[in-house]
Chemist: 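This is the structure I have questions about; it appears just below.
Heads up: numbering here begins at 1 and tracks the sequence. Everything quoted here is computed from the prediction, not taken from an experiment. No hydrogens, no waters, no symmetry mates; every other heavy atom, side chains included, goes into these values.
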Amino acid sequence: MIDVKNLSKSLGNKKVLKDVSLKVNKGSIFGLIGENGVGKTTLIKCLTGIYKADEGIIKINNEEVFENKKVKSSLGYVSDENQYYPSFKVKELVKFYNLTYETFSYDRFKEVNKIFKIPEEKRIRQLSKGMKMRVALMLNLSFHPKVLILDEPTSGLDPIVKRKLINLLIEEVSERKTTIFISSHHLTDLERICDSIAIMEDGTIRYSDSLDSMKKNIKKLQTLFKYTRVLEEIKSWDEVMKIERVGRITYIITKNYSEKLKKRLLEKGSQFVEEVDLSLEDMFIYCMEEDEENEEAIEKSFVL
């Protein structure tokens, strides 16, 4: 549904996106994560046709996005900062969207507003950031987009409303086969709903995979070695991202776990190997630290 190939984009003298490629399947929820300033919002603005790519191709449903009214008519976008005319009432925004999108449904708006509870007589300037976010979400959900792109959609939402939004997004995918692309720092929320995840770093896609595959491959292994000098060798294995020592216990973080790896560790003298499942937040942190030098020095003496 969404296909990005070799995308590059500069803003001023800075190259923000560098040869970005990714693919999002129809009817799936795709999560984009990364630290602040790595290019996530710029990528989203290219996906929505706000920015024109300097290089590369962006296609949604096999059609290029930029200046394509057909694609944009079925594309929903909720920004992290929603700028509406401050003097408009909510009901006037509803009329505006009704005139803009042929598929807009006021019945759908009212249905979602039973959850979000925003008075239609309220003017935009009277709304908090969280309330503006609710309005933007309702408006975009009401014209039944084929693709919904969300930039920090849970920003400013209280936990109860956040949970209701997550349930709404799951409903959109299951009932309407909507494709959702979501960027967020709330990794626990993404872990609950996403099918696939991409990690951005310095304008590039550092890692991209299905969430199931990530959980299968990126693991923390709890081990106990009698002779710890072997850890220097293990540290150099391709499957190993990081080694941590806590007392006598050694934790090995792997990016490609397998029974073969477990067997190799046992052959190298580990007295046991126990798998420890990681949260998405843990996996993100370890992926970002993969190339960094281990903070804890590996003890090179024998443990007697």
Chemist: Please list all pairs meeting side-chain hydrogen bond (donor to acceptor under 3.5 Å, both in side chains) that have one or both residues in residues 127-146, counting only residues at least two apart or in different chains.
Modeler: Lys129-Ser155, His144-Arg176
Chemist: Report the residues that fulfil side-chain hydrogen bond (donor to acceptor under 3.5 Å, both in side chains) with Tyr257, sequence neighbours left out, ordered by chain and then residue number.
Modeler: Glu275
Chemist: Show every donor-acceptor pair shorter than 3.5 Å between a side-chain atom in residues 106-118 and any protein atom, with sequence neighbours excluded, or say none if there are none.
Modeler:
unit_1 : atom_1 : unit_2 : atom_2 : d
Tyr106 : OH     : Glu120 : OE1    : 3.2
Tyr106 : OH     : Glu120 : OE2    : 2.8
Arg108 : NH1    : Glu111 : OE2    : 3.1
Arg108 : NH2    : Glu172 : OE2    : 2.6
Asn113 : OD1    : Lys117 : N      : 3.1
Asn113 : OD1    : Ile118 : N      : 2.8
Asn113 : ND2    : Ile118 : O      : 2.9
Lys117 : NZ     : Lys114 : O      : 2.9

Chemist: Taking all atoms of both residues into account, what is the closest heavy-atom pair of Thr154 and Ser184, and its distance?
Modeler: OG1-OG, 4.2 Å
Chemist: If Ile, Leu, Val, Met, Phe, Trp and Tyr residues are connected whenever their side-chain heavy atoms lie under 4.5 Å apart, and connections chain through other members, are Ile205 and Met1 in the same group?
Modeler: yes
Chemist: Donor-acceptor pair, Thr254 side chain versus Lys219 backbone, under 3.5 Å?
Modeler: no
Chemist: Is a donor from one side chain sitting under 3.5 angstrom from an acceptor on the other, for Glu63 and Asn68?
Modeler: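 Distance-only check passes for Glu63 and Asn68.
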Chemist: Write out all pairs satisfying side-chain hydrogen bond (donor to acceptor under 3.5 Å, both in side chains) with one or both partners inside residues 3-16, taking only residues at least two apart or from two chains.
Modeler: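 For residues 3-16, and leaving out neighbouring residues, the side-chain hydrogen bond (donor to acceptor under 3.5 Å, both in side chains) pairs sorted by first residue read Asn6-Asp19.
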Chemist: Tell me whether the count of non-hydrogen atoms from other residues, nucleotides or ligands lying under 6.0 Å of CD in Glu191 goes above 12.
Modeler: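 Check passes, neighbour count above 12.
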Chemist: With rounding to the nearest 0.5 Å, note down the distance linking CG in Asp151 to CD1 in Ile182.
Modeler: 9.5 Å
Chemist: Hydrophobic clustering (ILVMFWY, side-chain heavy atoms < 4.5 Å, transitive) - are Leu150 and Leu43 grouped together?
Modeler: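 No: no chain of side-chain contacts under 4.5 Å links Leu43 to Leu150.
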Chemist: Quick one, Leu221 and Glu274 - any side-chain contact, counting heavy atoms below 4.5 Å?
Modeler: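 A side-chain contact is absent here, since even the closest heavy-atom pair is not under 4.5 Å.
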Chemist: Restricting to pairs with a member in residues 42-57, which pass side-chain hydrogen bond (donor to acceptor under 3.5 Å, both in side chains), not counting sequence neighbours?
Modeler: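 side-chain hydrogen bond (donor to acceptor under 3.5 Å, both in side chains) check on residues 42-57 returns no pairs.
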Chemist: Find out whether Cys194 and Ile29 are in side-chain contact, i.e. whether some heavy atom of one side chain is under 4.5 Å from a heavy atom of the other.
Modeler: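 The answer is yes, as the side chains (C-beta and beyond) meet within the 4.5 Å cut-off.
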Chemist: I need the full list of side-chain hydrogen bond (donor to acceptor under 3.5 Å, both in side chains) pairs touching residues 194-203, with sequence neighbours left out, sorted by first then second residue.
Modeler: Lys18-Asp202, Glu201-Arg206
Chemist: When rounded to the nearest 0.5 angstrom, what is the spacing between CG in Leu211 and CD1 in Ile218?
Modeler: 9.5 Å
Chemist: Residues two or more places apart in sequence or in another chain: which of them pass side-chain hydrogen bond (donor to acceptor under 3.5 Å, both in side chains) with Thr250?
Modeler: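 side-chain hydrogen bond (donor to acceptor under 3.5 Å, both in side chains) list for Thr250, sorted by chain: Arg245.
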Chemist: Please say whether more than 12 non-hydrogen atoms of neighbouring residues, nucleotides or ligands are located less than 6.0 Å from CG in Asp158.
Modeler: yes
Chemist: Out of the candidates Glu289, Met288, Met283, only one should pair with Tyr286 under the side-chain contact (heavy atoms from CB on, under 4.5 Å) rule; please name it.
Modeler: Glu289
Chemist: Is it the case that more than 12 heavy atoms not belonging to Lys268 sit under 6.0 Å from its NZ atom?
Modeler: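 No.
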Chemist: Any side-chain heavy atom of Thr223 within less than 4.5 Å of one from Ile252?
Modeler: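 Yes, their side chains come closer than 4.5 Å.
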Chemist: Using side-chain heavy atoms (C-beta onward) and a distance below 4.5 Å, is Leu168 in contact with Leu141?
Modeler: yes
Chemist: Using the rule that Ile, Leu, Val, Met, Phe, Trp and Tyr join whenever any side-chain heavy atoms are under 4.5 Å apart, tell me whether Ile180 and Val24 fall into a single cluster.
Modeler: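 No, Ile180 does not connect to Val24 through the hydrophobic network.
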Chemist: Can you tell me how far CZ of Arg192 sits from CD1 of Ile166, rounded to the nearest 0.5 angstrom?
Modeler: 4.5 Å
Chemist: In terms of hydrophobic clusters joined by side-chain contacts under 4.5 Å, are Val135 and Tyr85 together?
Modeler: yes
Chemist: Output, in order, the C-alpha distance, side-chain angles, deciding distance and verdict of side chain to side chain contact (heavy atoms under 4.5 Å, CB included) for Val71 and Lys59.
Modeler: CA-CA 9 Å; Val71 171; Lys59 288 188 176 182; over 6 Å; no
Chemist: Could you go step by step and tell me if Ser21 and Val4 meet the side chain to side chain contact (heavy atoms under 4.5 Å, CB included) rule?
Modeler: CA-CA 5 Å; Ser21 295; Val4 179; 5.7 Å; no
Chemist: Counting only pairs under 3.5 Å, give me each side-chain donor-acceptor contact of residues 96-103, with atom names and distances, residues two or more places apart or in other chains.
Modeler:
unit_1 : atom_1 : unit_2 : atom_2 : d
Thr100 : OG1    : Phe96  : O      : 2.7
Thr103 : OG1    : Phe143 : O      : 2.6

Chemist: Transitively linked via ILVMFWY side-chain contacts under 4.5 Å: Phe30 with Val173?
Modeler: no
Chemist: Between CD of Glu259 and CG of Leu266, what distance do you get to the nearest 0.5 Å?
Modeler: 9.5 Å
Chemist: Please identify each residue that fulfils ring-ring contact (aromatic ring centres under 6.0 Å, His included) with Tyr251, with sequence neighbours left out.
Modeler: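 Tyr251 satisfies ring-ring contact (aromatic ring centres under 6.0 Å, His included) with no other residue.
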Chemist: Quick one: does any side-chain atom of Glu121 pair with a main-chain N or O of Lys89 as donor and acceptor, under 3.5 Å?
Modeler: no
Chemist: Is any side-chain heavy atom of Thr179 closer than 4.5 Å to one of Leu148?
Modeler: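 They are not in side-chain contact.
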Chemist: Pairing donors with acceptors under 3.5 angstrom, does anything connect the side chains of Ser28 and Asn25?
Modeler: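 Absent: no donor and acceptor within the cut-off.
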Chemist: Looking at Lys255 and Glu239, is there a salt bridge between them, counting it only when a charged N and a carboxylate O are closer than 4.0 Å?
Modeler: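 Salt bridge flag = no for Lys255 with Glu239.
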Chemist: Mind checking salt bridge (charged side-chain N to carboxylate O under 4.0 Å, His left out) for Lys177 and listing every partner two or more places apart, or none if nothing turns up?
Modeler: none
Chemist: When you measure from the side chain of Lys40 to the backbone N and O of Gly34, does any donor-acceptor pair fall under 3.5 Å?
Modeler: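 Yes.
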Chemist: Suppose we screen for salt bridge (charged side-chain N to carboxylate O under 4.0 Å, His left out). Which residues come up paired with Lys220, at least two apart in sequence or across chains?
Modeler: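 Scan of Lys220 (salt bridge (charged side-chain N to carboxylate O under 4.0 Å, His left out), adjacent residues dropped) gives Glu244.
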Chemist: Calculate, to the nearest 0.5 Å, the distance between atoms CD1 and CD1 belonging to Ile44 and Ile149 respectively.
Modeler: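 One gets 7.0 Å once the value is rounded to the nearest 0.5 Å.
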Chemist: May I ask you to check whether over 12 heavy atoms, not counting those of Arg123, lie within 6.0 Å of atom CZ?
Modeler: yes
Chemist: With the side chain counted from C-beta on, respond yes when Tyr84 and Leu139 share a heavy-atom pair under 4.5 Å apart, and no when they do not.
Modeler: yes
Chemist: Answer yes or no: is there a side-chain heavy-atom contact under 4.5 Å between Met200 and Ile33?
Modeler: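 Result no, sub-4.5 Å side-chain heavy-atom pair not found.
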Chemist: Can you name the residues that form a side-chain hydrogen bond (donor to acceptor under 3.5 Å, both in side chains) with Asn167, not counting sequence neighbours?
Modeler: none
Chemist: Quick check for you: to the nearest 0.5 Å, what is the distance between Leu157 atom CG and Lys162 atom NZ?
Modeler: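 With rounding to 0.5 Å, CG (Leu157) is 7.5 Å from NZ (Lys162).
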